[in-house]
Amino acid sequence: MTTKAYGAHAADQPIVAIGIERRAPGPRDVQIEIAYCGICHSDLHTVRSEWAGTRYPCVPGHEIVGQVSAVGAEVSGFKVGDTVGVGCMVGSCQHCAACDEGLEQYCEKGFIGTYNGPTADAPGHTLGGYSQRIVVDEGFVLRIRHAQDQLPAVAPLLCAGITTYSPLRHWNVGPGSKVGIVGIGGLGHMGVKLAHAMGAHVVAFTTSENKRQDARDLGADEVVVSRNPAEMKAHAGSFDFILNTVAASHSLDAFTSLLKRDGTLVLVGVPEHPHPTPNIGNLIFKRRAIAGSLIGGIAETQEMLDFCAEKGIVSDIEMVRADAIDAAYERMLKGDVKYRFVIDCATI
Ligand code: NAP
Ligand code: ZN
């Protein structure tokens, strides 16, 4: 079915209206009319080919919420009219050790991304949520239990929410943990809200002086402006866990120094240019670790959505029209967003 979308024809081209084709729903497919789609920094990295390997035309978007408009004959979990979400993945092999454990994001054959992933559908790669409609295997569709008026602010949970929830859970953050969240953007502001809801003592690290009060309002117990060495030093050797969401290359040593013995710094930001090699002595002498984490599996994404619905957690958003996506990208690059742009897909 012909569907209106927004995307780019090349790395140096603007985001413009384009027509795409969506497949007719197969037996296991759910067809979704997209209401809102969040703008993730990964969309910008991809559409501008900062990670290499972008296929064009590129239609980004993997923070999708909408309503089911058709289901295939074998679909049992969803019906027309249901409010649903789609995150970063639309497929995986379903047979490897990772998929068997519900960790589709670590599929040994490679998960199929919601955009820029391999598919038999034209044009040979997947096209994401900056569009009116999408067709997805029911195994990758999430149920949304929040109230309808919260839907725009629910969309960012599908990537920013799960990408911060999953490592907080994996490293057992909870009451008694001292947790740092670095970079108070789309991911980071969700990290602050979620770590706070899990009962941790939360310290927000920001480079932006003007986010000091905001970070407290999001749920941080303390806020550190990371450009200020004296403020950083006051927390030396005190953290169980630090989640770093920064989208740009920077020295990690300032953060590994803040970990306790056996503490872990988890990286989720994927900058265009690599971070400088970390100081190894900083790790060895206190058995500290640096680790990475990738989004979250489908079961855990549903768990996160239900946790957020129960606790009343949503993203702080600014809604934008589809014809203003490039302007939103420029503001995101300057850290000028509180805290996630969401496209009103009715404007597509
Ligand atoms: P974002 O909204 O742009 O937030 C990033 C934040 O990092 C900024 O708001 C800023 O916060 C801080 N920052 C930016 N440039 C900086 C610099 N030069 N030095 C220090 N801090 C800087 O981006 P996002 O959507 O949250 O995404 C963050 C990163 O995570 C991106 O690289 C994205 O691709 C990646 N990502 C990874 C996964 C995964 O599964 N691992 C999933 C989604 C996204 P302050 O103003 O507070 O300093
Ligand atoms: Zn994302």
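Excluded from the calculations below are hydrogen atoms, water molecules and symmetry mates; all remaining heavy atoms, backbone and side chain alike, are included. Note that the structure is a prediction, hence the values are computed from the model and not measured. Order of appearance sets the numbers: ligands from 1, and atoms from 1 within every ligand.
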Using a 4.0 Å cut-off to any heavy atom of [X], which atoms of ligand 1 qualify?
| X | result |
| --- | --- |
| A248 | 15 (N), 16 (C), 17 (C), 18 (N) |
| G269 | 29 (C), 30 (O), 32 (O), 35 (C) |
| C159 | 42 (C), 43 (C) |
| T206 | 45 (P), 46 (O), 47 (O), 48 (O) |
| V270 | 32 (O), 35 (C) |
| I295 | 39 (C), 40 (O) |
| S208 | 45 (P), 46 (O) |
| R340 | 24 (P), 25 (O) |

Name the closest protein heavy atom to [atom], giving the residue it belongs to and the distance to 0.1 Å.
| atom | value |
| --- | --- |
| atom 23 (O) of ligand 1 | H41 CB, 3.2 Å |
| atom 39 (C) of ligand 1 | T163 CG2, 3.4 Å |
| atom 12 (C) of ligand 1 | G183 CA, 4.0 Å |
| atom 44 (C) of ligand 1 | S42 OG, 3.2 Å |
| atom 20 (C) of ligand 1 | T207 CG2, 3.3 Å |
| atom 11 (O) of ligand 1 | I184 N, 3.3 Å |
| atom 7 (O) of ligand 1 | V246 CA, 3.7 Å |
| atom 29 (C) of ligand 1 | T245 O, 3.4 Å |

Q) Among the heavy atoms of F341, does any lie under 4.0 Å from an atom of ligand 1? A)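 No heavy atom of F341 comes that close to ligand 1.
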Q. Touching ligand 1 at all, H250? Heavy atoms, strictly under 4.0 Å?
A.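 It does not; every heavy atom stays at 4.0 Å or beyond.
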Q) So if you build clusters from Ile, Leu, Val, Met, Phe, Trp, Tyr with side-chain heavy-atom gaps below 4.5 Å, do I134 and I348 land together? A)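 As far as the 4.5 Å side-chain criterion goes, I348 and I134 are not connected within one cluster.
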Q | Cluster overlap I181 with V268, hydrophobic side-chain contacts below 4.5 Å | A |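 Yes: a chain of side-chain contacts under 4.5 Å links I181 to V268.
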So is [X] polar-close to ligand 1, meaning N/O to N/O under 3.5 Å?
| X | answer |
| --- | --- |
| V268 | yes |
| G335 | no |
| V337 | no |

Hey, are the side chains of [X] and [Y] touching, using non-hydrogen atoms and a 4.5 Å cut-off?
| X | Y | answer |
| --- | --- | --- |
| H235 | E222 | yes |
| V90 | H62 | no |
| R22 | D121 | no |
| V71 | Q31 | no |
| K178 | F239 | yes |

Taking everything shown except [X] itself, do over 12 heavy atoms lie less than 6.0 Å from its [atom1]?
| X | atom1 | value |
| --- | --- | --- |
| K260 | NZ | yes |
| R23 | CZ | yes |
| K338 | NZ | yes |
| R143 | CZ | yes |

Q: For the pair Y329 and Y130, name the ring-plane relationship: parallel under 30°, tilted 30 to 60°, perpendicular over 60°.
A: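 Ring orientation, 0 to 90° scale: tilted.
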Modelled atom types, side-chain donor and acceptor of [X] and [Y], under 3.5 Å:
| X | Y | result |
| --- | --- | --- |
| Y165 | E303 | yes |
| R133 | T3 | yes |
| T46 | N116 | no |
| S76 | E74 | no |
| Y115 | D43 | yes |

Q: Could you tally the protein N/O/S atoms lying less than 2.8 Å away from the Zn ion (ligand 2)?
A: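 With waters ignored, the protein N/O/S count below 2.8 Å is 3.
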(Q) Please work out, at 4.0 Å between heavy atoms, whether the side chain, the backbone, both, or neither of L294 comes within that distance of ligand 1. (A)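 It is both parts that get close, each with some atom under 4.0 Å.
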Q) Does W51 approach ligand 1 within less than 4.0 angstrom via side chain, backbone, both or neither, non-hydrogen atoms only? A)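 For W51, only side-chain atoms sit under 4.0 Å from ligand 1.
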Q. Taking atom 6 (C) of ligand 1 as the point of reference, which of G185, G87, G186 owns the nearest heavy atom?
A.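 Minimum heavy-atom distance to atom 6 (C) of ligand 1 goes to G185.
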**Q.** R212 side chain vs V225 backbone, donor-acceptor pair below 3.5 Å
**A.**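 No, the answer is negative, given that no donor and acceptor are paired below the 3.5 Å cut-off.
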